[in-house]
Amino acid sequence: MILILTDKFDSHSDYIIEKLIDRSISFFRLNLDYSSLLETHVKFDGQFEISQNGEKITSSKITKVWPRRLTVEITAEEECEFFDDTTFRIWRNEWNKTIRNFFFTIEHADWLNTPSAINKTENKLKQLCYAKMHGFNIPDFIITNYKSDLIDFSRQYPSGVALKLQHQDFYKKNERNVGFYVNKISTNDLNEFQLESENPIMLQKYIDKLYEARITVINKEFFYCKIESQHSKKAQIDWRRYDIGHTPHTQQLAPKEIQDQVKGLMQSLGIVYGAFDFIIAPDEKWYFLEVNSTGQWLWIEYLTDLKISEAIIDWMQS
């Protein structure tokens with residue numbers, strides 16, 4: 001049985017599940033969002049039994065796990081004031097501990113990235129160190145909350161530096177979920193940074209772009225999408241601001257050197273699925289930015305007809 005760990009808002013899971021149903025492939029969808037867990041029952045009696053949406057699964061029957069989501073966290077769609085109260089925090093923590101126990105009982109299954117590999121990959125500094133070890137070009141960077149060091153770093157790069165959050169988050173704006181994306185800033189912008197009480201931030205040398213690349217790898221199968229972000233003023237600094245109509249996406253073949261480096265990095269991180277982001281500079285030098293072990297891909301399939309979903313289903317059936 002295939003287990004899909006997700007939430008009820010996940011369009012990627014919806015898309016794959018439609019294809020599984022069309023092919024009469026059995027699966028169990030476990031939604032880990034708040035409202036879905038309110039109607040979920042779980043029992044451990046030598047093995048786990050979980051019931052949700054009128055369906056039931058036991059841990060011993062699970063052979064494949066597609067982890068879109070591993071923990072109970074509040075999505076931007078669900079944000080509400082009472083989520084900060086003590087009762088909710090206890091509820092969420094007990095669910096997360098129970099889910100972690102459940103994962104222990106399905107270690108026998110084949111995962112498209114195990115929880116330990118996903119947690120390892122979430123360490124962005126580890127990613128960058130491993131990427132450098134495997135020969136990738138890495139933009140110079142600093143992580144600190146010393147204002148003087150941030151200013152000294154930015155002065156090395158008069159054309160600007162990139163301010164990049166180490167943890168992606170979302171907020172509501174005009175009833176839409178909006179991300180905190182990369183911003184290009186100058187030394188003058190850092191004057192607003194306080195001497196005390198600030199959180200550490202990460203600055204990178206800003207790399208001018210010829211174009212960008214998203215390489216999605218599923219069980220050693222490569223899907224390379226060229227993203228021509230410089231065609232759009234809105235998407236020039238961070239294509240995740242999405243200006244699809246003015247940002248051409250096309251299928252390409254990844255250079256062999258990049259493929260070999262990606263394979264080496266995936267082996268070091270222990271992942272079999274990864275969504276890799278690169279900048280290609282005007283001199284055509286590739287710069288590694290990051291890899292997401294549960295990264296999105298659906299918009300790329302829609303725009304380029306890359307068969308990413310088919311590769312996931314092939315893995316599920318292998």
Side-chain angles (χ1 to χ4, degrees), residues 70-71 73 76 117-171 173 177-215 227 229-230 234-242 258 261-262 265-266 268-271 274-281 285-296:
L70 290 178
T71 58
E73 299 293 342
I118 291 171
N119 291 334
K120 184 176 182 179
T121 305
E122 284 179 353
N123 187 318
K124 299 302 181 185
L125 182 58
K126 182 173 289 187
Q127 281 190 25
L128 292 171
C129 290
Y130 280 5
K132 189 172 184 179
M133 181 180 74
H134 286 286
F136 282 115
N137 298 307
I138 306 295
D140 292 340
F141 69 94
I142 188 173
I143 302 171
T144 185
N145 61 352
Y146 282 109
K147 182 176 182 177
S148 60
D149 289 340
L150 291 169
I151 289 173
D152 287 346
F153 180 83
S154 69
R155 282 175 176 161
Q156 296 179 55
Y157 306 107
S159 61
V161 293
L163 171 62
K164 183 175 182 178
L165 291 188
Q166 297 176 79
H167 175 76
Q168 180 60 269
D169 212 339
F170 295 87
Y171 64 98
K173 183 178 181 180
N177 297 324
V178 181
F180 290 91
Y181 300 125
V182 174
N183 286 287
K184 184 179 180 182
I185 65 172
S186 67
T187 302
N188 288 338
D189 295 318
L190 291 167
N191 290 328
E192 298 180 20
F193 199 82
Q194 302 300 308
L195 291 173
E196 303 291 342
S197 306
E198 293 276 15
N199 57 269
I201 64 172
M202 180 177 187
L203 296 182
Q204 282 185 330
K205 174 187 176 182
Y206 186 81
I207 305 295
D208 290 326
K209 304 167 184 175
L210 182 62
Y211 59 91
E212 298 180 72
R214 165 60 73 93
I215 296 180
I227 302 175
S229 57
Q230 303 312 286
K234 183 179 179 182
Q236 276 181 349
I237 294 173
D238 191 334
W239 55 256
R240 293 174 301 173
R241 288 188 172 91
Y242 295 121
I258 297 297
Q261 291 171 328
V262 164
L265 179 54
M266 292 182 74
S268 293
L269 293 170
I271 57 175
F276 291 77
D277 290 326
F278 295 92
I279 288 171
I280 292 79
K285 183 182 290 186
W286 284 58
Y287 287 87
F288 170 86
L289 295 179
E290 64 180 343
V291 54
N292 190 325
S293 57
T294 57
Q296 313 286 56

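Numbering of residues begins at 1 and proceeds along the displayed sequence. None of the values given here were measured: they were computed from a predicted structure.
Under a 3.5 Å cut-off, the side chain of N123 and the backbone N or O of K120 do not form any donor-acceptor pair. No donor-acceptor pair under 3.5 Å is formed between the side chain of K147 and the backbone N or O of E192. Panel note: side chain N145, backbone N199; no donor-acceptor pair is recorded below 3.5 Å. Between the side chain of Q127 and the backbone N or O of V291, at least one donor-acceptor pair lies under 3.5 Å. Of the possible polar contacts, one joining the Q261 side chain to the G135 backbone as a donor-acceptor pair under 3.5 Å is found. Proximity of a side-chain donor or acceptor of D140 to a complementary backbone N or O of K205 within less than 3.5 Å is not detected. Not one N or O on the side chain of E290 forms a donor-acceptor pair closer than 3.5 Å with the backbone of F288.
I185 contributes atom CD1, which lies 4.0 Å from atom CG of L190 (distance to the nearest 0.5 angstrom). The NZ atom of K132 sits 14.0 Å away from atom NE2 of H134, with the distance rounded to the nearest 0.5 Å. Going from atom NZ of K285 over to atom CG of L210 covers 14.0 Å, rounded to the nearest 0.5 Å. Distance check: I138 CD1 to I207 CD1 gives 10.0 Å after rounding to the nearest 0.5 Å. Atoms OG1 and CG, from T121 and L269 in turn, are 4.5 Å apart once rounded to the nearest 0.5 Å. I143 contributes atom CD1, which lies 13.0 Å from atom CG of D149 (distance to the nearest 0.5 angstrom).
Closest heavy-atom contact between M266 and G274: CE-N, 4.0 Å. Closest heavy-atom contact between S293 and I271: CB-CG2, 4.3 Å. Residues E212 and I279 come closest through the heavy atom pair OE1-CG1, 4.2 Å. Residue F136 comes nearest to V262 through the heavy atom pair CZ-N, 3.6 Å, listed as atom of the first residue, atom of the second, then distance. Between Q204 and F153, the shortest heavy-atom contact is C-CE2, 4.1 Å. Closest of all the heavy-atom pairs between S186 and D189 is N-OD2, 2.8 Å.
Of the residues listed (L289, I215, N137), the one engaging F278 in a side-chain contact (heavy atoms from CB on, under 4.5 Å) is I215, and it is the only one. Only one option out of D152, V161, L203 pairs with I142 in a side-chain contact (heavy atoms from CB on, under 4.5 Å); it is L203.
More than 12 heavy-atom neighbours from other residues, nucleotides or ligands sit within 6.0 angstrom of NZ on K184. The 12-atom threshold is not exceeded at OH of Y146, counting heavy atoms of other residues, nucleotides or ligands nearer than 6.0 Å.
Side-chain contact between I201 and F193 is present, with heavy atoms from C-beta onward closer than 4.5 Å.
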